[in-house]
Every structure is written in C-alpha cells, then in structure tokens.
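Here's the structure, in structure tokens; my notes come after.
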Amino acid sequence: MKSLRELFDELPPELQKQAREFVESLVAKKHKKQRGTLRQDWAGALKDYRAKFTALDLQAKASEWRGD
C-alpha cells in the first residue's frame with residue numbers, strides 16, 4: 001500500500017494544490033473544533049461542596065494555585 005506522500009507525488013501540480021488546500025481545511029476545522037468546544041462534563045461534580053465553600057473562597061483558591 002502506498003503512503004500518502006507517494007500518492008500525493010503522483011498527482012499533477014493542480015491536483016496537488018487542491019489536495020493541499022483540502023488537508024489544510026481539515027486541519028483548520030480540527031483546530032477550530034478544539035478551540036470552540038467547551039466541555040462541561042464536570043458540571044455538577046462539586047455540588048457536595050456547595051455548603052462548605054463560597055464562590056469567593058473558590059476564587060481565592062484558584063488565584064493561589066495560579067500564583068497570582
């Protein structure tokens with residue numbers, strides 16, 4: 001089985017350009033999806049701590065962890 005590079009090299013220049021543009025669009029789409037996706041599978045995971053900590057407590061702790 002030929003590698004992707006070998007197959008690419010068999011294409012004429014105009015088709016190589018199209019193939020490159022297609023692959024670049026896939027890479028851009030992947031990066032956009034990674035940036036644009038906000039995972040919230042953690043939502044509600046800290047509900048048991050609601051009575052123990054206020055939002056200000058958590059904000060102070062986060063600042064401490066970041067070294068602010």
Side-chain angles (χ1 to χ4, degrees):
M1 187 164 124
K2 292 182 181 181
S3 71
L4 183 57
R5 184 68 187 166
E6 291 170 322
L7 293 170
F8 182 83
D9 289 340
E10 288 182 17
L11 295 172
E14 183 54 37
L15 291 179
Q16 285 183 2
K17 181 180 177 209
Q18 288 180 22
R20 180 182 178 86
E21 289 170 354
F22 176 70
V23 171
E24 287 172 345
S25 73
L26 291 176
V27 170
K29 183 178 176 181
K30 176 183 173 243
H31 290 299
K32 182 178 179 183
K33 185 176 182 181
Q34 287 175 343
R35 283 190 313 248
T37 301
L38 176 62
R39 290 185 36 223
Q40 293 188 359
D41 52 353
W42 55 267
L46 301 176
K47 67 182 175 185
D48 295 339
Y49 298 98
R50 227 182 265 172
K52 294 181 182 180
F53 303 102
T54 67
L56 290 175
D57 294 334
L58 296 175
Q59 184 180 9
K61 195 59 156 171
S63 291
E64 180 185 317
W65 289 334
R66 286 192 306 262
D68 293 348

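Evaluation of the side-chain hydrogen bond (donor to acceptor under 3.5 Å, both in side chains) test over residues 52-61, restricted to residues two or more places apart or in two chains, returns T54-D57, K61-E64.
The shortest heavy-atom contact between Q16 and F8 is NE2-O, 3.1 Å.
Listed by chain and number, the residues in a side-chain contact (heavy atoms from CB on, under 4.5 Å) with E14 are K17, Q18 (sequence neighbours excluded). Residues meeting the salt bridge (charged side-chain N to carboxylate O under 4.0 Å, His left out) test with R66, sequence neighbours left out: D68.
A distance of 12.0 Å separates CG of L15 from CD of E10, quoted to the nearest 0.5 Å.
Side-chain heavy atoms closer than 4.5 Å link hydrophobic residues (I, L, V, M, F, W, Y) into clusters, and following such links, possibly through other members, connects Y49 to L58.
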